[in-house]
Amino acid sequence: MTNSKYDLVVIGTGVAASHAASECSSAGWKVAIIDYRPFGGTCALRGCDPKKVLVSAEEAVDWNYRMQGKGVSSKDIRINWSDLAQFKRSFTDPLPEAREEGFLKDGITPFHGRAHFIAPTTIKVQDNVLTSKYVLIATGAKPAKLNMPGEEHIVISDQFLELDKIPPRILFIGGGYISFEFAHMAAHAGAAEVSIVHRGIRPLENFDFDLVKKLMQRTEDLGINIRLQTQVNKVEQNPSDNNNSFLIYTSSSSSSSSNQDNTGYQADMVVHGAGRVPDVSELDLETAGVQFGPKGVIVNEYLQSVSNPTVYAAGDAAASGNPPLTPSAEHEGNIAASNLLNGNHKISDTKGAIPSIVFTVPPMAAVGLQEEIAKKQGLQFRTNYEADTSSWYSSRRVGENFSAFKVLIEKSSNRILGAHIVGPQAEEQINIFAFAIQRGISSEDLKEIIFAYPTGSSDISSML
Ligand SMILES: Cc1cc2nc3c(=O)[nH]c(=O)nc-3n(C[C@H](O)[C@H](O)[C@H](O)COP(=O)(O)OP(=O)(O)OC[C@H]3O[C@@H](n4cnc5c(N)ncnc54)[C@H](O)[C@@H]3O)c2cc1C
């Protein structure tokens, strides 16, 4: 058993944790950092980055299909998943060691193992007891428990991203962004039967429903079956296939249906895409007097625990009100570090404008308010909505038949309230809107900005 004293102990090594640890260490604080998994966190090892490497191959294949008869004629472009998996590992494999070396170079002491509180500012990890002036909880999120029979047969996103080959029949539980992204990937990689089963009436509920409908058409065009208002109740091994595949029992979740159990599907793999929850349940937060709820550690505007002032939280583990995404985690890691070092003074002021993207082909992106929410808030706004922009030059040029946008502009001030785009350039266009909303640039002023032509950004003035 070793006992050591720190100024700050950081739990987690993802984006939120790493930024905060480095800032406090470079200010001269004695800092320790802990993770029970390889160092680097979700985004770099099991989320955004490896995922988008896989998306790159999917984009190449899809673009090739779209350009058939438009100057491209090599029909036989296919994804070689095992090559792609190896390429993806060239990004993820070196990272944990590099991250740990970086911590050591910055003077941060790394610990491997699962951390938990044994007193308000004392953490235990393996045989080490770390006493600290402050603790930063940056433990991220984990898949929500599904609490259904056969849950042990369901794989999570980490395992999907590690696949060396794509099974022929895959069923995704839940209609969130992870399911849509992975379903598109699987279909492009040649999976014969891909299904998304979603309990609610509306998948991708953080995105504009008119645009979601557009993306659903594109998804169905790829041969992906989307079943809404359907609850997965049980997954079991299929005895008539030597237990090599699964039977998935579903029932209707619409109030008008009889809700009978039926063997809805057979699949070779069932993937959990039904939401993630803050990973705080094993930290023994009660011992530290740290209040938490379903959205994570309950914090004030400075990201400080409301019940234990020596504890701060950032990223997916904090109930901060920001979306559980990498830009929020980075932003919050910086805010927490600044408040730890200089006393509480800095608050999150994103103006509700952290952009989010579904990395399907084409991508769908959103920033700011959804139309229904703006209406509920009583805002007076105009809606610039084009349900089909596939005839626009930027969609036609790349053979994309599914594109649309919706922009909400406050009538009295010309303030941009929200922007929603599906289409080939959506992932970059949305950043321009995020910039405008965060910096308070009006629709009139944005319309006057001169962008390079022909680019995704040069479409923006036509959306305002
Ligand atoms: C499949 C997938 C795709 C995603 N795609 C995107 C995307 O495209 N864009 C985007 O913005 N966001 C995306 N996200 C979300 C994004 O990855 C997270 O919001 C972000 O990584 C959160 O960072 P964090 O620092 O809060 O926590 P994390 O990066 O999750 O780090 C938390 C770390 O804490 C460790 N930990 C947990 N408990 C303990 C403990 N008790 N002791 C020690 N260590 C502990 C964990 O092992 C983990 O390494 C994706 C997520 C997933 C799962």
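The analysis underlying the following values was restricted to heavy atoms, covering all of them including side chains, and did not include hydrogens, waters or symmetry mates. All figures in this text were calculated on a predicted structure; none of them were measured in a lab. Remember, it's 1-based here, ligands and their atoms both numbered in the order they're listed.
In summary, Lys214 and Asp208 do not engage in a salt bridge, as defined by a charged side-chain N under 4.0 Å from a carboxylate O. Salt bridge status for Arg66 with Glu59: absent, with no side-chain N to carboxylate O gap under 4.0 Å. Salt-bridge annotation for Asp210 and Lys406: present, with a side-chain N of the basic residue lying under 4.0 Å from a carboxylate O of the acidic one. The residues Glu372 and Arg202 are annotated as salt-bridged, a charged nitrogen and a carboxylate oxygen being separated by less than 4.0 angstrom.
More than 12 heavy atoms of other residues, nucleotides or ligands shown are found within 6.0 angstrom of NZ on Lys213.
Close approach of ligand 1 to Arg46 (heavy-atom distance below 4.0 Å) involves ligand atoms 1 (C), 48 (C), 49 (O). In summary, the atoms of ligand 1 found under 4.0 Å from a heavy atom of Pro327, numbered by their order in the structure, are 11 (O). Every atom of ligand 1 with a heavy atom of Ile11 under 4.0 Å away is listed here by number and element: 40 (C), 42 (N), 43 (C). The atoms of ligand 1 that sit less than 4.0 Å from any heavy atom of Gly315 are 26 (O). Those atoms of ligand 1 that come under 4.0 Å of a heavy atom in Gly14, given as number and element, are 25 (O), 29 (O), 31 (O). Each of the atoms 29 (O), 31 (O), 49 (O) of ligand 1 lies under 4.0 Å from some heavy atom of Gly41. Atoms of ligand 1 found under 4.0 Å from any heavy atom of Leu325, numbered from 1 in the order shown, are 10 (C), 11 (O), 12 (N), 19 (O). Within ligand 1, the atoms closer than 4.0 Å to a non-hydrogen atom of Asp279 are 37 (C), 38 (N), numbered from 1 in the order shown.
At the top of the distance list for atom 25 (O) of ligand 1, counting protein heavy atoms only, stands Ala16 N, 3.0 Å. Nearest protein heavy-atom neighbour of atom 42 (N) of ligand 1: Ala115 N, 2.9 Å.
The side-chain tip of Arg114 points at the ring of Tyr36 from less than 6.0 angstrom away and within 45° of straight on.
With a heavy-atom cut-off of 4.0 Å, Lys51 touches ligand 1 through its side chain alone. Contact annotation for Ala138 and ligand 1: only backbone heavy atoms (N, CA, C, O) come within less than 4.0 Å of the ligand. Under 4.0 Å from ligand 1, the heavy atoms of Leu283 that appear belong solely to its side chain. With a 4.0 Å heavy-atom cut-off, ligand 1 is reached by the backbone of Asp35 and by its side chain too.
Ring geometry, Tyr6 versus Phe111: the interplanar angle exceeds 60°, so the pair is classed perpendicular (tilted spans 30 to 60°). The aromatic rings of Phe87 and Phe91 stand perpendicular to each other, their planes meeting at an angle above 60°, with 30° marking the opposite boundary. Using a 30° and 60° split on the angle between ring planes, Phe246 and His153 fall in the tilted class, from 30° to 60°. Below 30°, between 30° and 60°, or above 60°: for Trp29 and Tyr134 the angle between ring planes is below 30°, a parallel geometry.
Residue contact annotation: Gly113 has a non-hydrogen atom under 4.0 Å from ligand 1. Residue contacts with ligand 1 include Arg276, since one or more of its heavy atoms lies under 4.0 Å from the ligand.
Distances from atom 18 (C) of ligand 1 to the heavy atoms of Ile354, Thr42, Asp316 put Asp316 nearest. When the options Phe111, Phe359, Tyr177, Phe117 are ranked by their closest heavy atom to atom 15 (C) of ligand 1, first place goes to Tyr177.
Shown here for Pro278 and Pro294, the closest heavy-atom pair between the two residues is CD-O, 3.2 Å.
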Could you check Asp83 against Lys88 for salt bridge (charged side-chain N to carboxylate O under 4.0 Å, His left out), going step by step and ending with a plain yes or no? CA-CA 9 Å; Asp83 281 359; Lys88 182 215 70 182; over 6 Å; no

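Residue Thr13 has no N or O atom closer than 3.5 Å to an N or O atom of ligand 1. Considering backbone and side-chain atoms together, Glu282 places no N or O closer than 3.5 Å to any N or O of ligand 1. Considering backbone and side-chain N/O of Pro324, one or more are found under 3.5 Å from N/O of ligand 1.
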